[in-house]
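For reference, the structure discussed in these notes is given below.
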Amino acid sequence: MTSRRTFQAPKGTRDFYPPQMAARRRIEEVWRRASIDCGFEEIEGPTFEHLDLYTVKSGEGIVSELFSFRRAGGEDDYALRPEFTPTLARMAAAKGASLPLPTKWFAIPTHFRAERPQRGRLREFLQWNVDVIGLGEPDGEVEIIEAAVLALERFGLTPRDVQVRLSHREAIAALLRSLGVGEARVPAAFELLDRFDRLPPDEFARRAGELGLDEGAVARLREAMVIARPMSDGPGAIAAAMGIAAAPLASIEPLQQRLRASELLEWCTFDPSIVRGLAYYKGIVFEVHETGGAERAVAGGGRYDGLISLVGGPDLPACGLGMGDVVLSLVLKDRGLLGEDEGESLLPRPDAFVIALDPEATPRSLAIVRSLRRAGHHARLSHRASRNLGKLLGDASKCRARFAVILDAGASEGRATLKDLASGGQVEVAIANLPAELASRLASGPAE
RNA sequence: GCGACCGUAGCUCAGUUGGUUAGAGCACCGGAUUGUGAUUCCGGACGUCGCGGGUUCGAAUCCCGUCGGUCGCCCCA
(Lines give C-alpha, C1' and ligand atoms only; values in the text may rest on other atoms or scores of the structure.)
Protein backbone atom coordinates (compact mmCIF):
# COMPACT_ATOMS: atom_id res chain seq x y z
CA MET A 1 0.00 0.00 0.00
CA THR A 2 1.42 3.36 -0.93
CA SER A 3 0.78 6.50 1.03
CA ARG A 4 -0.50 9.57 -0.76
CA ARG A 5 0.73 11.73 2.02
CA THR A 6 3.43 14.20 1.09
CA PHE A 7 5.91 15.87 3.37
CA GLN A 8 7.51 19.26 3.24
CA ALA A 9 10.64 20.38 4.99
CA PRO A 10 9.71 22.21 8.20
CA LYS A 11 9.31 25.95 8.03
CA GLY A 12 12.56 27.82 7.94
CA THR A 13 14.73 24.79 7.18
CA ARG A 14 16.66 24.02 4.02
CA ASP A 15 17.30 20.95 1.89
CA PHE A 16 20.85 20.85 0.62
CA TYR A 17 20.95 19.18 -2.80
CA PRO A 18 24.43 18.58 -4.20
CA PRO A 19 25.00 22.11 -5.56
CA GLN A 20 23.77 23.76 -2.35
CA MET A 21 25.81 21.33 -0.31
CA ALA A 22 28.89 22.19 -2.36
CA ALA A 23 28.30 25.87 -1.61
CA ARG A 24 27.86 25.08 2.07
CA ARG A 25 31.08 23.06 2.18
CA ARG A 26 32.91 25.90 0.49
CA ILE A 27 31.77 28.30 3.22
CA GLU A 28 32.63 25.85 5.99
CA GLU A 29 36.02 25.20 4.44
CA VAL A 30 36.94 28.89 4.31
CA TRP A 31 35.78 29.36 7.90
CA ARG A 32 37.71 26.32 9.10
CA ARG A 33 40.92 27.18 7.29
CA ALA A 34 40.85 30.81 8.41
CA SER A 35 40.32 29.68 12.02
CA ILE A 36 43.14 27.16 11.92
CA ASP A 37 45.51 29.56 10.20
CA CYS A 38 44.81 32.05 12.99
CA GLY A 39 45.61 29.46 15.65
CA PHE A 40 42.09 28.50 16.74
CA GLU A 41 41.22 24.88 17.52
CA GLU A 42 37.96 23.26 16.52
CA ILE A 43 35.42 22.09 19.07
CA GLU A 44 31.84 20.85 18.96
CA GLY A 45 29.17 20.37 21.59
CA PRO A 46 25.76 18.79 21.84
CA THR A 47 22.98 19.91 19.52
CA PHE A 48 20.69 20.35 22.52
CA GLU A 49 21.34 21.49 26.07
CA HIS A 50 19.43 21.80 29.31
CA LEU A 51 16.94 24.61 28.91
CA ASP A 52 18.33 26.28 32.04
CA LEU A 53 21.65 26.92 30.35
CA TYR A 54 19.89 29.42 28.11
CA THR A 55 17.52 30.96 30.63
CA VAL A 56 20.33 31.55 33.13
CA LYS A 57 22.11 33.62 30.53
CA SER A 58 19.24 35.31 28.69
CA GLY A 59 16.24 35.16 31.03
CA GLU A 60 12.92 33.35 30.79
CA GLY A 61 11.87 35.52 27.86
CA ILE A 62 14.17 33.55 25.60
CA VAL A 63 12.04 30.43 25.85
CA SER A 64 9.53 31.59 23.23
CA GLU A 65 12.40 31.86 20.74
CA LEU A 66 13.62 28.33 21.41
CA PHE A 67 12.71 24.88 20.24
CA SER A 68 12.42 23.30 23.65
CA PHE A 69 11.12 19.87 24.58
CA ARG A 70 10.74 17.29 27.26
CA ARG A 71 11.22 13.60 26.60
CA ALA A 72 7.98 11.65 26.84
CA GLY A 73 7.84 10.49 30.45
CA GLY A 74 10.90 12.51 31.38
CA GLU A 75 11.25 15.43 33.75
CA ASP A 76 14.12 17.42 32.24
CA ASP A 77 13.59 20.34 29.86
CA TYR A 78 15.90 20.65 26.90
CA ALA A 79 16.30 23.09 24.06
CA LEU A 80 17.92 22.86 20.65
CA ARG A 81 20.84 25.24 20.80
CA PRO A 82 19.99 28.74 19.56
CA GLU A 83 23.58 29.90 19.91
CA PHE A 84 26.90 28.37 20.80
CA THR A 85 28.28 30.71 23.45
CA PRO A 86 26.54 29.02 26.44
CA THR A 87 27.88 25.63 25.35
CA LEU A 88 31.32 27.11 24.95
CA ALA A 89 31.16 28.76 28.35
CA ARG A 90 30.01 25.48 29.88
CA MET A 91 32.84 23.54 28.22
CA ALA A 92 35.38 26.13 29.36
CA ALA A 93 33.97 26.14 32.90
CA ALA A 94 34.20 22.34 33.06
CA LYS A 95 37.94 22.53 32.44
CA GLY A 96 38.27 24.89 35.39
CA ALA A 97 41.78 25.86 36.31
CA SER A 98 43.27 23.36 33.86
CA LEU A 99 42.19 25.48 30.90
CA PRO A 100 45.34 26.87 29.28
CA LEU A 101 45.23 30.62 28.80
CA PRO A 102 44.62 32.02 26.39
CA THR A 103 42.35 29.39 24.83
CA LYS A 104 41.28 29.97 21.24
CA TRP A 105 38.40 27.83 20.06
CA PHE A 106 36.20 27.79 17.00
CA ALA A 107 33.12 25.79 16.01
CA ILE A 108 30.82 25.51 13.02
CA PRO A 109 27.60 24.22 14.55
CA THR A 110 24.00 24.24 13.40
CA HIS A 111 21.62 26.39 15.43
CA PHE A 112 17.87 26.50 15.85
CA ARG A 113 15.63 29.44 16.60
CA ALA A 114 11.84 29.43 16.63
CA GLU A 115 11.53 32.63 14.66
CA ARG A 116 9.44 33.64 11.70
CA PRO A 117 11.72 33.18 8.68
CA GLN A 118 12.56 36.27 6.66
CA ARG A 119 15.41 37.55 4.52
CA GLY A 120 18.66 36.50 6.16
CA ARG A 121 16.95 34.63 9.01
CA LEU A 122 15.96 30.99 9.10
CA ARG A 123 15.01 28.53 11.81
CA GLU A 124 18.00 26.31 11.21
CA PHE A 125 21.33 27.78 10.20
CA LEU A 126 25.05 27.44 10.50
CA GLN A 127 27.06 29.83 12.58
CA TRP A 128 30.80 30.08 12.71
CA ASN A 129 31.89 30.82 16.28
CA VAL A 130 35.32 32.15 17.13
CA ASP A 131 36.17 32.74 20.77
CA VAL A 132 39.15 33.77 22.82
CA ILE A 133 39.21 32.99 26.53
CA GLY A 134 41.74 34.58 28.82
CA LEU A 135 42.74 37.64 26.81
CA GLY A 136 41.67 41.13 27.77
CA GLU A 137 40.83 44.12 25.68
CA PRO A 138 41.80 44.71 22.94
CA ASP A 139 44.04 41.70 22.26
CA GLY A 140 41.19 39.17 22.25
CA GLU A 141 39.03 41.32 20.00
CA VAL A 142 41.80 41.78 17.47
CA GLU A 143 42.47 38.04 17.31
CA ILE A 144 38.83 37.53 16.45
CA ILE A 145 38.56 40.37 13.98
CA GLU A 146 41.66 39.11 12.24
CA ALA A 147 40.15 35.65 11.77
CA ALA A 148 36.89 37.15 10.50
CA VAL A 149 38.67 39.42 8.06
CA LEU A 150 40.86 36.59 6.80
CA ALA A 151 37.77 34.53 6.03
CA LEU A 152 35.97 37.44 4.37
CA GLU A 153 39.06 38.13 2.29
CA ARG A 154 39.23 34.49 1.17
CA PHE A 155 35.62 34.59 0.08
CA GLY A 156 36.71 37.30 -2.31
CA LEU A 157 35.29 40.25 -0.37
CA THR A 158 37.16 43.50 0.02
CA PRO A 159 36.96 46.41 2.48
CA ARG A 160 34.71 48.05 -0.09
CA ASP A 161 32.21 45.19 0.19
CA VAL A 162 32.12 44.68 3.95
CA GLN A 163 33.24 46.55 7.02
CA VAL A 164 33.70 45.61 10.64
CA ARG A 165 31.68 48.29 12.44
CA LEU A 166 32.98 48.77 15.95
CA SER A 167 32.03 50.69 18.97
CA HIS A 168 32.93 50.69 22.63
CA ARG A 169 30.27 50.47 25.27
CA GLU A 170 32.41 52.38 27.77
CA ALA A 171 32.85 55.20 25.29
CA ILE A 172 29.13 55.36 24.62
CA ALA A 173 28.35 55.13 28.34
CA ALA A 174 30.68 58.05 28.94
CA LEU A 175 28.91 60.00 26.23
CA LEU A 176 25.50 59.19 27.71
CA ARG A 177 26.61 60.29 31.17
CA SER A 178 27.97 63.52 29.78
CA LEU A 179 24.58 64.17 28.21
CA GLY A 180 22.79 63.70 31.50
CA VAL A 181 21.84 60.01 31.62
CA GLY A 182 22.08 58.73 35.18
CA GLU A 183 24.30 55.71 35.82
CA ALA A 184 21.30 53.51 36.61
CA ARG A 185 19.72 54.25 33.26
CA VAL A 186 22.73 53.47 31.09
CA PRO A 187 21.66 49.86 30.36
CA ALA A 188 18.20 51.06 29.32
CA ALA A 189 19.86 53.67 27.12
CA PHE A 190 21.88 50.93 25.41
CA GLU A 191 18.68 49.10 24.63
CA LEU A 192 17.27 52.25 23.12
CA LEU A 193 20.42 52.93 21.11
CA ASP A 194 20.32 49.38 19.75
CA ARG A 195 17.00 50.32 18.14
CA PHE A 196 18.16 53.76 17.03
CA ASP A 197 17.78 53.20 13.30
CA ARG A 198 14.59 51.14 13.62
CA LEU A 199 12.59 53.67 15.61
CA PRO A 200 10.86 56.69 14.11
CA PRO A 201 12.69 59.90 15.14
CA ASP A 202 9.92 61.24 17.36
CA GLU A 203 9.55 57.89 19.11
CA PHE A 204 13.28 57.81 19.73
CA ALA A 205 13.16 61.36 21.13
CA ARG A 206 10.25 60.47 23.40
CA ARG A 207 12.01 57.44 24.87
CA ALA A 208 15.28 59.33 25.21
CA GLY A 209 13.40 61.97 27.14
CA GLU A 210 12.20 59.30 29.56
CA LEU A 211 15.85 58.49 30.26
CA GLY A 212 16.55 62.02 31.38
CA LEU A 213 17.75 63.62 28.16
CA ASP A 214 16.48 67.07 27.38
CA GLU A 215 15.71 68.22 23.85
CA GLY A 216 19.18 69.59 23.22
CA ALA A 217 20.82 66.43 24.53
CA VAL A 218 18.66 64.25 22.27
CA ALA A 219 19.73 66.33 19.29
CA ARG A 220 23.39 66.04 20.24
CA LEU A 221 23.04 62.30 20.83
CA ARG A 222 21.34 61.82 17.49
CA GLU A 223 24.06 63.79 15.78
CA ALA A 224 26.75 61.73 17.48
CA MET A 225 25.08 58.43 16.64
CA VAL A 226 24.77 58.86 12.89
CA ILE A 227 28.45 59.34 12.17
CA ALA A 228 30.57 56.48 10.97
CA ARG A 229 34.27 57.17 10.63
CA PRO A 230 37.15 55.09 9.33
CA MET A 231 38.89 53.43 12.23
CA SER A 232 42.09 55.02 10.97
CA ASP A 233 40.84 58.39 12.22
CA GLY A 234 42.21 59.20 15.64
CA PRO A 235 39.95 59.50 18.69
CA GLY A 236 40.18 63.28 18.41
CA ALA A 237 38.91 63.31 14.83
CA ILE A 238 36.12 60.89 15.64
CA ALA A 239 35.09 62.89 18.69
CA ALA A 240 35.05 66.03 16.58
CA ALA A 241 32.84 64.33 13.98
CA MET A 242 30.48 63.24 16.74
CA GLY A 243 30.47 66.72 18.18
CA ILE A 244 31.62 65.56 21.60
CA ALA A 245 34.63 65.93 23.83
CA ALA A 246 37.53 63.58 23.19
CA ALA A 247 37.61 62.12 26.71
CA PRO A 248 34.84 59.51 26.32
CA LEU A 249 36.61 58.02 23.31
CA ALA A 250 39.89 57.41 25.09
CA SER A 251 38.98 53.73 25.47
CA ILE A 252 39.18 53.03 21.74
CA GLU A 253 42.78 54.13 21.35
CA PRO A 254 44.46 50.84 22.33
CA LEU A 255 42.16 49.04 19.91
CA GLN A 256 43.18 51.37 17.12
CA GLN A 257 46.84 50.79 17.84
CA ARG A 258 46.43 47.02 17.71
CA LEU A 259 44.35 47.14 14.53
CA ARG A 260 46.96 49.33 12.90
CA ALA A 261 49.75 46.96 13.87
CA SER A 262 47.79 44.01 12.44
CA GLU A 263 47.05 45.95 9.25
CA LEU A 264 43.31 45.62 9.75
CA LEU A 265 42.38 49.29 9.91
CA GLU A 266 41.03 49.52 6.39
CA TRP A 267 38.44 46.84 7.21
CA CYS A 268 37.15 48.69 10.24
CA THR A 269 34.77 51.56 10.82
CA PHE A 270 33.93 53.27 14.07
CA ASP A 271 30.15 53.33 14.37
CA PRO A 272 28.62 54.48 17.65
CA SER A 273 25.22 53.05 16.68
CA ILE A 274 26.59 49.52 17.12
CA VAL A 275 25.70 48.57 20.69
CA ARG A 276 24.36 44.99 20.39
CA GLY A 277 21.14 44.04 22.10
CA LEU A 278 22.56 41.79 24.76
CA ALA A 279 22.88 43.20 28.23
CA TYR A 280 25.94 41.14 29.10
CA TYR A 281 28.19 42.61 26.43
CA LYS A 282 30.74 45.05 27.71
CA GLY A 283 33.57 47.03 26.22
CA ILE A 284 34.20 46.60 22.52
CA VAL A 285 31.25 45.46 20.43
CA PHE A 286 31.21 44.96 16.69
CA GLU A 287 29.22 43.76 13.70
CA VAL A 288 30.23 42.96 10.15
CA HIS A 289 28.01 44.68 7.64
CA GLU A 290 27.77 44.79 3.91
CA THR A 291 28.72 48.35 2.97
CA GLY A 292 25.62 48.78 0.82
CA GLY A 293 23.52 48.45 3.97
CA ALA A 294 21.04 46.19 2.17
CA GLU A 295 21.43 43.11 4.34
CA ARG A 296 21.34 42.30 8.01
CA ALA A 297 24.60 41.98 9.91
CA VAL A 298 26.85 39.24 8.51
CA ALA A 299 28.43 38.73 11.92
CA GLY A 300 28.34 40.14 15.41
CA GLY A 301 30.38 39.86 18.52
CA GLY A 302 31.78 41.37 21.63
CA ARG A 303 33.22 40.81 25.03
CA TYR A 304 31.42 38.68 27.57
CA ASP A 305 33.66 38.65 30.64
CA GLY A 306 31.75 37.00 33.45
CA LEU A 307 29.72 34.54 31.43
CA ILE A 308 31.99 31.60 32.23
CA SER A 309 31.72 32.24 35.96
CA LEU A 310 27.95 32.49 35.50
CA VAL A 311 27.91 28.82 34.51
CA GLY A 312 30.12 27.76 37.38
CA GLY A 313 33.60 28.34 36.00
CA PRO A 314 36.49 30.62 36.91
CA ASP A 315 36.13 34.33 36.31
CA LEU A 316 37.86 34.68 32.95
CA PRO A 317 37.80 37.40 30.34
CA ALA A 318 36.39 36.21 27.03
CA CYS A 319 35.17 37.54 23.75
CA GLY A 320 33.83 36.05 20.58
CA LEU A 321 32.12 36.38 17.26
CA GLY A 322 29.35 34.57 15.45
CA MET A 323 28.98 34.61 11.67
CA GLY A 324 25.86 33.03 10.21
CA ASP A 325 25.77 31.33 6.84
CA VAL A 326 22.45 32.82 5.74
CA VAL A 327 23.31 36.50 5.42
CA LEU A 328 26.84 35.64 4.34
CA SER A 329 25.47 33.56 1.46
CA LEU A 330 23.23 36.43 0.37
CA VAL A 331 26.15 38.84 0.37
CA LEU A 332 28.37 36.41 -1.56
CA LYS A 333 25.66 35.57 -4.09
CA ASP A 334 24.95 39.26 -4.68
CA ARG A 335 28.56 39.57 -5.79
CA GLY A 336 28.80 36.32 -7.75
CA LEU A 337 31.28 34.90 -5.25
CA LEU A 338 29.46 31.66 -4.52
CA GLY A 339 29.12 30.21 -7.99
CA GLU A 340 26.68 31.75 -10.44
CA ASP A 341 24.47 28.68 -10.54
CA GLU A 342 23.58 28.08 -6.89
CA GLY A 343 26.78 26.17 -6.28
CA GLU A 344 26.72 23.98 -9.41
CA SER A 345 30.21 25.17 -10.33
CA LEU A 346 31.49 24.27 -6.86
CA LEU A 347 30.69 20.56 -7.21
CA PRO A 348 33.74 18.31 -7.24
CA ARG A 349 34.94 17.72 -10.80
CA PRO A 350 35.57 14.15 -11.96
CA ASP A 351 39.09 13.53 -13.19
CA ALA A 352 37.88 10.91 -15.62
CA PHE A 353 34.62 9.83 -17.19
CA VAL A 354 34.78 6.33 -18.62
CA ILE A 355 32.77 5.47 -21.72
CA ALA A 356 32.41 1.95 -23.09
CA LEU A 357 31.34 2.19 -26.72
CA ASP A 358 31.70 -1.46 -27.42
CA PRO A 359 29.43 -3.79 -25.39
CA GLU A 360 32.38 -6.17 -25.06
CA ALA A 361 34.35 -3.43 -23.31
CA THR A 362 31.88 -2.91 -20.47
CA PRO A 363 33.48 -5.33 -17.97
CA ARG A 364 36.86 -3.82 -18.75
CA SER A 365 35.50 -0.33 -18.05
CA LEU A 366 34.53 -1.45 -14.56
CA ALA A 367 38.10 -2.57 -13.89
CA ILE A 368 39.46 0.70 -15.25
CA VAL A 369 37.22 2.77 -13.01
CA ARG A 370 38.29 0.70 -10.03
CA SER A 371 41.97 1.13 -10.81
CA LEU A 372 41.58 4.88 -11.28
CA ARG A 373 39.71 5.18 -7.99
CA ARG A 374 42.35 3.15 -6.15
CA ALA A 375 44.95 5.56 -7.53
CA GLY A 376 43.06 8.43 -5.90
CA HIS A 377 41.24 9.78 -8.93
CA HIS A 378 37.63 10.87 -8.99
CA ALA A 379 36.34 8.52 -11.70
CA ARG A 380 32.83 8.07 -13.03
CA LEU A 381 31.19 5.62 -15.36
CA SER A 382 28.43 6.06 -17.85
CA HIS A 383 25.38 4.05 -16.88
CA ARG A 384 23.55 4.98 -20.02
CA ALA A 385 22.41 2.33 -22.46
CA SER A 386 23.17 4.53 -25.44
CA ARG A 387 26.35 3.98 -27.48
CA ASN A 388 25.98 7.44 -28.92
CA LEU A 389 29.43 8.92 -28.36
CA GLY A 390 28.18 12.47 -28.76
CA LYS A 391 25.63 11.98 -26.02
CA LEU A 392 28.08 10.23 -23.75
CA LEU A 393 30.66 12.98 -24.17
CA GLY A 394 27.86 15.40 -23.44
CA ASP A 395 27.30 13.60 -20.14
CA ALA A 396 31.00 13.77 -19.37
CA SER A 397 31.02 17.46 -20.13
CA LYS A 398 27.87 18.10 -18.12
CA CYS A 399 29.38 16.69 -14.94
CA ARG A 400 32.48 18.83 -15.66
CA ALA A 401 34.87 15.89 -16.04
CA ARG A 402 38.41 16.83 -17.06
CA PHE A 403 39.10 13.75 -19.14
CA ALA A 404 37.08 11.10 -20.94
CA VAL A 405 38.33 7.55 -21.29
CA ILE A 406 36.83 6.03 -24.43
CA LEU A 407 36.83 2.28 -24.90
CA ASP A 408 36.05 0.92 -28.35
CA ALA A 409 37.12 -2.19 -30.25
CA GLY A 410 40.77 -1.48 -29.38
CA ALA A 411 40.03 -2.14 -25.73
CA SER A 412 40.40 -5.86 -26.24
CA GLU A 413 44.02 -5.15 -27.21
CA GLY A 414 44.57 -3.16 -24.05
CA ARG A 415 44.27 0.31 -25.53
CA ALA A 416 41.96 3.22 -24.76
CA THR A 417 41.50 6.79 -25.90
CA LEU A 418 42.20 9.51 -23.34
CA LYS A 419 40.46 12.72 -24.31
CA ASP A 420 41.11 16.09 -22.68
CA LEU A 421 37.66 17.59 -22.47
CA ALA A 422 38.90 21.14 -22.12
CA SER A 423 41.19 21.20 -25.16
CA GLY A 424 39.47 18.48 -27.17
CA GLY A 425 42.81 16.80 -27.83
CA GLN A 426 43.10 13.06 -27.43
CA VAL A 427 45.73 10.34 -27.37
CA GLU A 428 45.72 6.57 -27.41
CA VAL A 429 47.20 5.04 -24.27
CA ALA A 430 47.73 1.59 -22.82
CA ILE A 431 44.98 0.78 -20.33
CA ALA A 432 47.58 -0.42 -17.85
CA ASN A 433 49.12 3.05 -17.86
CA LEU A 434 45.88 4.98 -17.49
CA PRO A 435 46.20 5.96 -13.80
CA ALA A 436 49.73 7.25 -14.32
CA GLU A 437 48.90 8.97 -17.61
CA LEU A 438 45.92 10.67 -16.04
CA ALA A 439 47.93 11.77 -13.01
CA SER A 440 50.65 13.38 -15.09
CA ARG A 441 48.19 15.14 -17.37
CA LEU A 442 46.18 16.44 -14.42
CA ALA A 443 49.36 17.73 -12.81
CA SER A 444 50.55 19.53 -15.92
CA GLY A 445 47.16 20.82 -16.95
CA PRO A 446 45.64 24.16 -16.06
CA ALA A 447 44.85 24.64 -12.40
CA GLU A 448 41.15 25.08 -12.98
C1' G B 1 2.88 36.31 18.36
C1' C B 2 1.19 40.46 14.38
C1' G B 3 0.79 42.37 9.13
C1' A B 4 1.27 42.48 3.59
C1' C B 5 1.85 39.87 -0.95
C1' C B 6 2.15 35.12 -3.36
C1' G B 7 1.22 29.23 -4.36
C1' U B 8 -0.72 26.16 -12.13
C1' A B 9 4.63 20.39 -14.88
C1' G B 10 11.46 19.91 -12.39
C1' C B 11 12.12 25.58 -13.95
C1' U B 12 9.93 30.27 -16.19
C1' C B 13 5.14 31.28 -17.06
C1' A B 14 0.02 31.43 -20.11
C1' G B 15 -4.93 30.15 -18.96
C1' U B 16 -10.78 35.32 -21.47
C1' U B 17 -16.79 38.22 -17.10
C1' G B 18 -16.41 31.01 -13.72
C1' G B 19 -17.73 27.02 -19.14
C1' U B 20 -15.83 20.53 -22.43
C1' U B 21 -10.43 16.33 -21.57
C1' A B 22 -5.46 22.64 -18.23
C1' G B 23 -1.28 24.63 -22.19
C1' A B 24 3.72 26.58 -24.11
C1' G B 25 9.01 27.08 -23.87
C1' C B 26 13.17 25.24 -21.53
C1' A B 27 14.89 21.09 -18.78
C1' C B 28 14.50 15.70 -18.14
C1' C B 29 14.31 10.24 -19.81
C1' G B 30 14.68 6.42 -23.98
C1' G B 31 16.12 5.90 -28.99
C1' A B 32 17.86 7.04 -34.30
C1' U B 33 21.56 9.52 -37.35
C1' U B 34 26.57 12.14 -38.56
C1' G B 35 30.05 7.68 -34.34
C1' U B 36 33.83 13.20 -30.80
C1' G B 37 30.72 17.28 -26.66
C1' A B 38 26.80 20.47 -31.77
C1' U B 39 22.62 20.16 -35.09
C1' U B 40 18.35 17.36 -36.60
C1' C B 41 14.53 13.65 -35.98
C1' C B 42 11.23 9.97 -33.35
C1' G B 43 9.22 8.56 -28.83
C1' G B 44 8.29 9.08 -23.33
C1' A B 45 7.10 10.57 -18.43
C1' C B 46 5.05 14.77 -16.39
C1' G B 47 0.23 18.20 -12.73
C1' U B 48 -5.50 15.60 -7.56
C1' C B 49 -3.96 23.81 -10.49
C1' G B 50 -0.36 23.60 -2.38
C1' C B 51 -4.21 21.15 0.83
C1' G B 52 -9.32 21.12 2.98
C1' G B 53 -14.10 23.09 2.99
C1' G B 54 -17.90 26.42 0.87
C1' U B 55 -20.76 29.09 -3.20
C1' U B 56 -22.42 27.31 -8.19
C1' C B 57 -25.62 23.40 -13.08
C1' G B 58 -20.21 24.01 -13.51
C1' A B 59 -14.21 26.46 -9.79
C1' A B 60 -7.22 26.84 -11.60
C1' U B 61 -10.60 31.28 -11.56
C1' C B 62 -15.10 33.58 -6.32
C1' C B 63 -15.32 33.01 -0.53
C1' C B 64 -13.37 30.87 4.18
C1' G B 65 -9.76 28.02 6.60
C1' U B 66 -5.07 25.72 6.60
C1' C B 67 -0.05 24.64 5.07
C1' G B 68 4.08 26.63 2.65
C1' G B 69 7.01 30.72 0.35
C1' U B 70 8.56 35.91 0.28
C1' C B 71 9.06 40.60 2.75
C1' G B 72 8.32 43.61 7.07
C1' C B 73 7.06 44.19 12.72
C1' C B 74 8.32 41.90 17.65
C1' C B 75 13.01 39.75 18.79
C1' C B 76 17.82 39.55 17.13
C1' A B 77 21.90 35.51 21.27
Side-chain angles (χ1 to χ4, degrees), chain A residues 4-15 17 49 53-59 61-66 79-89 109 111-123 125 127 129 131 191 194-195 197-200 203 274-281 285 287 294-302 304 307 320-324 326-327 330 341-342 344 353 355-358 382-409 417-427:
Chain A
R4 286 185 167 276
R5 184 163 171 206
T6 59
F7 294 92
Q8 294 168 310
K11 184 203 295 277
T13 64
R14 292 169 289 179
D15 292 327
Y17 291 95
E49 291 274 7
L53 183 65
Y54 302 115
T55 55
V56 74
K57 177 197 157 207
S58 307
I62 195 71
V63 176
S64 65
E65 306 290 332
L66 299 177
L80 296 180
R81 62 182 171 205
E83 58 166 329
F84 192 68
T85 309
T87 297
L88 176 127
H111 297 282
F112 308 86
R113 296 180 185 174
E115 301 179 292
R116 191 76 184 267
Q118 50 189 295
R119 186 171 179 85
R121 301 178 72 177
L122 296 173
R123 289 185 156 191
F125 57 95
Q127 193 183 72
N129 281 258
D131 294 273
E191 264 182 60
D194 188 40
R195 309 182 58 196
D197 47 9
R198 296 197 295 267
L199 285 176
E203 178 69 10
I274 301 292
V275 287
R276 308 289 293 156
L278 245 15
Y280 67 76
Y281 276 126
V285 286
E287 293 179 358
E295 306 289 355
R296 293 167 190 283
V298 174
Y304 51 89
L307 186 59
L321 160 142
M323 183 182 294
V326 182
V327 176
L330 290 170
D341 35 21
E342 291 289 313
E344 197 85 39
F353 188 91
I355 294 167
L357 278 185
D358 188 330
S382 174
H383 291 283
R384 219 196 252 270
S386 170
R387 305 289 171 191
N388 181 330
L389 183 54
K391 248 183 203 190
L392 294 168
L393 285 171
D395 289 344
S397 162
K398 229 173 289 173
C399 68
R400 304 172 63 248
R402 294 167 195 273
F403 287 87
V405 175
I406 303 165
L407 302 175
D408 52 19
T417 301
L418 185 60
K419 181 184 177 72
D420 183 330
L421 289 166
S423 69
Q426 58 187 54
V427 290

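Here is the naming used below: chain letters follow the sequence lines, and residue numbers restart at 1 for every chain. These values consider heavy atoms only, across backbone and side chains, with no hydrogens, waters or symmetry-generated copies.
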Under 3.5 Å for both donor-acceptor distances, Watson-Crick or wobble: does [N] have a partner, and if so which one?
N	answer
B:rG52	B:rC64
B:rA59	none
B:rG23	B:rC13
B:rC2	B:rG72

Any base atoms under 4.0 Å from [X], or only sugar-phosphate, or nothing? Heavy atoms, all strands.
X	value
A:R195	sugar-phosphate
A:G12	sugar-phosphate
A:G424	base
A:L392	nothing
A:S397	base

With rounding to whole Å, what would you report as the distance between [N] and [M] at their [atom1] atoms?
N	M	atom1	value
B:rA24	B:rG47	C1'	15 Å
B:rG3	B:rC11	C1'	31 Å
B:rA38	B:rG31	P	15 Å
B:rG10	B:rC73	C1'	35 Å
B:rA9	B:rA22	P	14 Å
B:rA59	B:rG54	C1'	11 Å
B:rG37	B:rG19	C1'	50 Å
B:rA4	B:rU20	P	34 Å

Along RNA chain B (nearest heavy atom to each residue), the more 5'-positioned of A:R119 and A:D408: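 Closer to the 5' end of RNA chain B: A:D408.
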Mark yes or no for whether [X], through its side chain, and [Y], through its backbone, hold a donor-acceptor pair below 3.5 Å.
X	Y	result
A:K419	A:G425	no
A:R123	A:E115	yes
A:D408	A:I406	no

Please confirm whether the shortest side-chain N or O distance from [X] to OP1 or OP2 of [N] is below 4.0 Å.
X	N	answer
A:R198	B:rG72	no
A:K419	B:rG35	no
A:K11	B:rG68	yes

Got a donor-acceptor pair under 3.5 Å from the side chain of A:R276 to the base of B:rA77? no
Tell whether A:Q118 reaches the base of B:rU70 with its side chain through a donor-acceptor pair below 3.5 angstrom. no
Judged by modelled atom types alone, do A:Q127 and A:R81 share a side-chain donor-acceptor pair under 3.5 Å?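 No pair is found: no donor N or O on one side chain lies under 3.5 Å from an acceptor on the other.
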Looking at A:E83 and A:R113, does any basic side-chain N land under 4.0 Å from a carboxylate oxygen?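 Between A:R113 and A:E83 there is no salt bridge, as every charged N stays at least 4.0 Å from the carboxylate O atoms.
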May I have the distance from [X] (atom [atom1]) to [N] (atom [atom2]), rounded to whole angstrom?
X	N	atom1	atom2	value
A:Y17	B:rA27	OH	C1'	16 Å
A:R116	B:rC73	CZ	P	13 Å
A:E295	B:rG72	CD	C1'	14 Å
A:I355	B:rG37	CD1	C1'	9 Å
A:Y281	B:rA77	OH	C1'	7 Å
A:Q426	B:rG35	CD	P	15 Å
A:D395	B:rG31	CG	P	11 Å
A:L389	B:rU36	CG	C1'	5 Å

Based on the glycosidic angle (syn within 90° of 0, else anti), state the conformation of B:rG44. anti
Side chains of A:L421 and A:L393: does their closest heavy-atom pair fall under 4.5 Å?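 A side-chain contact exists here, since the closest heavy-atom pair is under 4.5 Å.
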Between A:L307 and A:L88, does a side-chain contact (heavy atoms from CB on, under 4.5 Å) hold up when you go through it step by step? CA-CA 10 Å; A:L307 186 59; A:L88 176 127; over 6 Å; no
